Amino acid sequence: MSTTRKAIALALKRAGIADFTFEARILIEDLAGSSDPIGAAAAARLNDALARRLAGEPLWRVLGAREFWGLSFALSPGTLEPRPDSETLIDAALGHLAARRHDELRLLDLGTGTGCLLIATLREFPQSSGLGVDLSPDAVATAAANAARNGVGERAAFHQGNWTAGIGERFDLILSNPPYIGSAEIARLDQNVREHDPLLALDGGPDGLDAYRALAAALPGHLKPGGLAILEIGAGQEEAVVALMRQAGLSHLDSRRDLGGHIRALVFRHVP
């Protein structure tokens, strides 16, 4: 096993992949397990995966799943990879709703992608249920499968839609990681993001704020009195997004930093 791992690590290193040791270990563990020597089927899986990785496909896309909040989420072409920065939203929900962990809350996740925000939150709020919405039918199908995979399938529903269009319900908590990259910035993104994450989930319009304008118009009518909205933002967007939400009548409660120290999640309350 160690010989195989060293060979894979060397190939990754020669390709300029910075975390070559880590990636070699993950590939071995995920595709070959603890078998030693590696069988023919496992060797074929490793060779195929290594070829895809060396061709530039991101590691987690090659493996088909990525961990988020300690859970495994399958990926598809219509979904973003869940990333650790987005766990800041789950931390914020737990912080602001700690006293209601066992209440029967209703949750809404707008732009659900893999469903990671809704599913992770439902795991932390065991009496709650929720709805995930995405414009991509591929994302909706992937999110539904991920809900079943992570044990919350009976408490999570998903449908294809444009933000809150056609939804007549009000919610205790609304989560969203909307597209927030300015259109002109897309070409300058890291290749792994630019070529493999769906443009629909990245492009936030000329100034990166189109989705927040849509959310500002939608949130007040879909939050219960006192309900919370927790939104992910990009670098430098705090002031603009807070202004949009305040103009819509929402109260800004909190700004949360991710592990890199950047403001990543904004928390708002609906006070009619």
Side-chain angles (χ1 to χ4, degrees), residues 1-87 111-117 119-120 132 134-153 158 160 177 179 181 186-203:
M1 182 70 75
S2 60
T3 301
T4 303
R5 182 180 296 180
K6 287 178 181 177
I8 291 174
L10 181 60
L12 294 170
K13 182 179 180 180
R14 287 173 173 167
I17 293 171
D19 294 331
F20 57 90
T21 302
F22 166 77
E23 292 203 15
R25 176 175 63 82
I26 294 297
L27 286 168
I28 289 280
E29 290 177 354
D30 196 86
L31 299 174
S34 59
S35 58
D36 191 9
I38 295 174
R45 289 195 299 270
L46 276 169
N47 287 336
D48 176 67
L50 180 60
R52 290 168 61 187
R53 185 67 185 103
L54 294 177
E57 190 172 348
L59 174 65
W60 305 111
R61 295 278 177 191
V62 171
L63 296 177
R66 184 165 184 176
E67 183 178 299
F68 179 87
W69 203 255
L71 306 169
S72 177
F73 289 87
L75 306 175
S76 65
T79 65
L80 286 175
E81 283 186 31
R83 292 178 170 87
D85 288 346
S86 297
E87 293 184 348
T112 195
T114 60
C116 64
L117 292 179
I119 292 164
D134 203 287
L135 200 56
S136 163
D138 175 71
V140 169
T142 302
N146 280 327
R149 176 185 185 134
N150 286 293
V152 298
F158 298 91
Q160 182 185 5
N177 176 15
I181 307 298
I186 300 293
R188 296 192 290 272
L189 291 175
D190 181 271
Q191 180 182 351
N192 286 348
V193 176
R194 185 180 70 248
E195 295 186 2
H196 296 279
D197 278 337
L199 183 63
L200 185 66
L202 296 173
D203 193 341

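In this chain, residues are counted from 1 in sequence order. Just so it is clear, the structure is predicted and the values come from calculations on it, not from any experiment. These values consider heavy atoms only, across backbone and side chains, with no hydrogens, waters or symmetry-generated copies.
The structure places CG of Asp197 at 5.5 Å from CG of Leu202, a figure rounded to the nearest 0.5 Å. Rounded to the nearest 0.5 angstrom, Phe20 CZ and Leu10 CG are separated by 8.5 Å.
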Checklist entry - Run the side chain to side chain contact (heavy atoms under 4.5 Å, CB included) check on Thr142 and Phe73 step by step: do they pass? => result CA-CA 9 Å; Thr142 302; Phe73 289 87; over 6 Å; no
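Nearest heavy atom pair, residue Ser86 against residue Leu117, reads O-CD2, 3.8 Å. The two atoms that bring Leu31 and Ala42 nearest to each other are O-CB, 3.8 Å, heavy atoms only. The two residues Arg66 and Pro82 make their nearest non-hydrogen contact at CD-O, 3.2 Å. Across Leu54 and Ala11, no two heavy atoms sit closer than the pair CD2-O, 3.7 Å. Among all heavy-atom pairs drawn from Arg52 and Glu57, the shortest one is NH2-OE2, 2.7 Å. When all heavy atoms of Pro198 and Arg61 are compared, the pair lying nearest together is CD-NH2, 4.1 Å.
For the pair Asn47 (side chain) and Ala43 (backbone), a donor-acceptor distance under 3.5 Å is present. For Thr79 (side chain) and Leu75 (main-chain N/O), no donor-acceptor pair under 3.5 Å exists by modelled atom type. Side-chain atoms of Gln160 come within 3.5 Å of backbone N or O of Leu135 as a donor-acceptor pair. Between the side chain of Asp134 and the main chain of Thr112, a donor-acceptor pair closer than 3.5 Å is present. Between the side chain of Arg5 and the backbone N or O of Arg25, no donor-acceptor pair lies under 3.5 Å.
With a 4.5 Å cut-off on side-chain heavy atoms, Arg83 and Val193 count as touching. Contact annotation: the side chain of Leu12 approaches that of Leu50 to within less than 4.5 Å [non-hydrogen atoms, C-beta and beyond]. At a threshold of 4.5 Å between non-hydrogen side-chain atoms, the residues Leu63 and Leu27 count as touching. Counting heavy atoms from C-beta on, the side chains of Phe68 and Ile119 never come closer than 4.5 Å. Considering only heavy atoms from C-beta on, Leu80 comes within 4.5 Å of Asn177 through its side chain. Under the 4.5 Å side-chain criterion, counting only non-hydrogen atoms from C-beta, Ile181 is not in contact with Asp203.
In this structure Ala74 satisfies the side-chain contact (heavy atoms from CB on, under 4.5 Å) test together with Asn146, Arg149, sequence neighbours excluded. Remark: Thr21 pairs with no residue by the side-chain hydrogen bond (donor to acceptor under 3.5 Å, both in side chains) rule, at least two apart or across chains.
Listed by first and then second residue, the salt bridge (charged side-chain N to carboxylate O under 4.0 Å, His left out) pairs involving residues 10-24 are Glu23-Arg53 (not counting sequence neighbours).
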